[in-house]
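First listed ligand is number 1; within each ligand, the first listed atom is number 1.
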Amino acid sequence: MEKDQYESLKKELSTTKKIIIVPHKSPDGDAVGSITALYGYLKKKNHEVSMISPNDFPSFLQWMKHSDEILNYEMNRDQSDDLIAAADLIFILDHNAFHRAGDMETPLSKADATFVMIDHHQQPDDFATYMYSDTGMSSTCEMVYHFIENMGELDSIDENMASSLYTGILTDTGSFKYRSTTSTTLRVAADLVDLGADSEGINRKIYDVNTPTRMKLLGVALNNMVILAKHRTAYITLTQKELDDNNFQKGDTEGFVNYALSLDNIVFAQIFIEKADEGIIKTSLRSKGNFDVNTMARENWNGGGHKNAAGGRSDESMKDTVDKLISILPRYEDDLQSTQI
Ligand code: 5GP
Ligand code: MN
């Protein structure tokens, strides 16, 4: 966003506005962290703010300040539709297309509000008057920090906002491991620690919350893992029955795909998770180096995301879905083989 756009937005925010903040469906640490921090910021400016999530979010994020104020669209459709219709401004965070907000797509596309997008995914749709889109950014949380910085109000970041923002940076960078972690990302994280984010405590709340059933499910996932060494690929499947047998809770499969990617000389990993209630198989794709899973997800799995982390879905059976993966790999063979790690 250019300087004059910040000036214009500052002017809009100089009087009390009705504001909605929306994360993507199945919000992760970056989505919940960025919306709760932005909520804290806008509330301090005396706006009437609501956060509406397309669906529920994992319990390991429930400690975040204001997370208990997030409206779940699935449970509060009428109230949410009214709020969206009456909004002056709608902030779209950690996604860049209405269809990523699930059933909220319709009310959002009908809204009269001025849209502000803060997002780091590829190929943004063109609906926002104020569009802060940067695919080079580690996380939307890092962007919210820069957004507040550009609004000239870094001093409004309190301990709770700092903790929310730190969480999204932590989770979206794989604990500062991915190449999206720039020196600026680390400086922002350091600043957030100075502003009160408790790095050790946040790590504990996010990563040391394994349950015995999640560990068992991980065992099933690893047992199901198939390594296609000649394609430098590994994939994992989890059927609805396997999830049910292990008392699956939302968020339990988070990070499973990374075990497949952590194999030596594997540059591409994919996990397929059956969601019987939606009649789909949700898939997550991960890669190392220059192998581009955003394109792969767009071309084959009705999805998208980033170069090294993307998601999508399949409407076919697990067997047909896996067969499809195996059938498309040869098309990517040159890229798989030439990827340097
Ligand atoms: P995950 O695999 O953790 O669900 O998502 C990885 C990345 O891909 C995230 O940045 C997420 O926003 C994006 N992503 C996940 N699922 C989809 C999808 O169905 N469509 C699109 N466009 N992006 C997705
Ligand atoms: Mn993100």
Ser138 and Glu142 side chains, donor-acceptor separation under 3.5 Å: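 Yes - a donor-acceptor pair under 3.5 Å links their side chains.
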
Polar contact flag, side-chain donor to acceptor under 3.5 angstrom, Tyr145-Asp191: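 A pair is found: one side chain offers a donor N or O, the other an acceptor, under 3.5 Å apart.
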
Partner of Thr36 under side chain to side chain donor-acceptor pair (under 3.5 Å), chosen from Ser67, Ser164, Ser163: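 The side chain to side chain donor-acceptor pair (under 3.5 Å) with Thr36 is passed solely by Ser164 among Ser67, Ser164, Ser163.
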
The Mn ion (ligand 2) - name of the N/O/S atom of Asp172 that sits closest to it: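 Going by distance to the Mn ion (ligand 2), the closest N, O or S atom in Asp172 is OD2.
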
Of all N/O/S atoms in Asp30, the name of the one nearest the Mn ion (ligand 2): OD2

Proximity flag His306 to ligand 1, non-hydrogen atoms under 4.0 Å: yes

Of all the non-hydrogen atoms in the protein, which one sits nearest to [atom], and at what distance?
atom: atom 19 (O) of ligand 1; result: Gly312 CA, 3.6 Å
atom: atom 7 (C) of ligand 1; result: Ala309 O, 3.5 Å
atom: atom 24 (C) of ligand 1; result: Gly304 O, 3.2 Å

[atom]: which of [options] has the nearest heavy atom?
atom: atom 4 (O) of ligand 1; options: Gly311, Ser284, Ala31; answer: Ser284
atom: atom 5 (O) of ligand 1; options: His95, Lys282, Arg286; answer: Arg286
atom: atom 12 (O) of ligand 1; options: His24, His99, Arg100; answer: Arg100

Cation-pi check, Lys282 onto Trp301 ring (under 6.0 Å, within 45° of axis):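 Not flagged: Lys282 not positioned over aromatic ring of Trp301.
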
Transitive ILVMFWY side-chain link Ile280 to Val322, under 4.5 Å: no

Proximal ligand 1 atoms for Gly305, defined as those under 4.0 Å from one of its heavy atoms: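 What qualifies from ligand 1 is 8 (O), 13 (C), 23 (N).
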
Lys25/Glu278 salt bridge by N-O under 4.0 Å criterion: yes

Under-4.0 Å salt bridge between Asp94 and Arg100: no

His120 NE2 and Asp94 OD1 subtending at the Mn ion (ligand 2) (10° steps): 90°

Asn294 side chain vs Gly304 backbone, donor-acceptor pair below 3.5 Å: no

Metal check, the Mn ion (ligand 2) vs Asp28 N/O/S, cut-off below 2.8 Å: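 No, Asp28 does not qualify, because none of its backbone or side-chain N, O or S atoms lies under 2.8 Å.
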
Backbone or side-chain N or O of His121 under 3.5 Å from ligand 1 N or O: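 N/O-N/O distance below 3.5 Å exists for this pair.
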
Mutual orientation of the aromatic rings belonging to Phe147 and Tyr6 [parallel < 30°, tilted 30-60°, perpendicular > 60°]: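 Because their plane-to-plane angle lies in the 30° to 60° range, the rings of Phe147 and Tyr6 count as tilted.
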
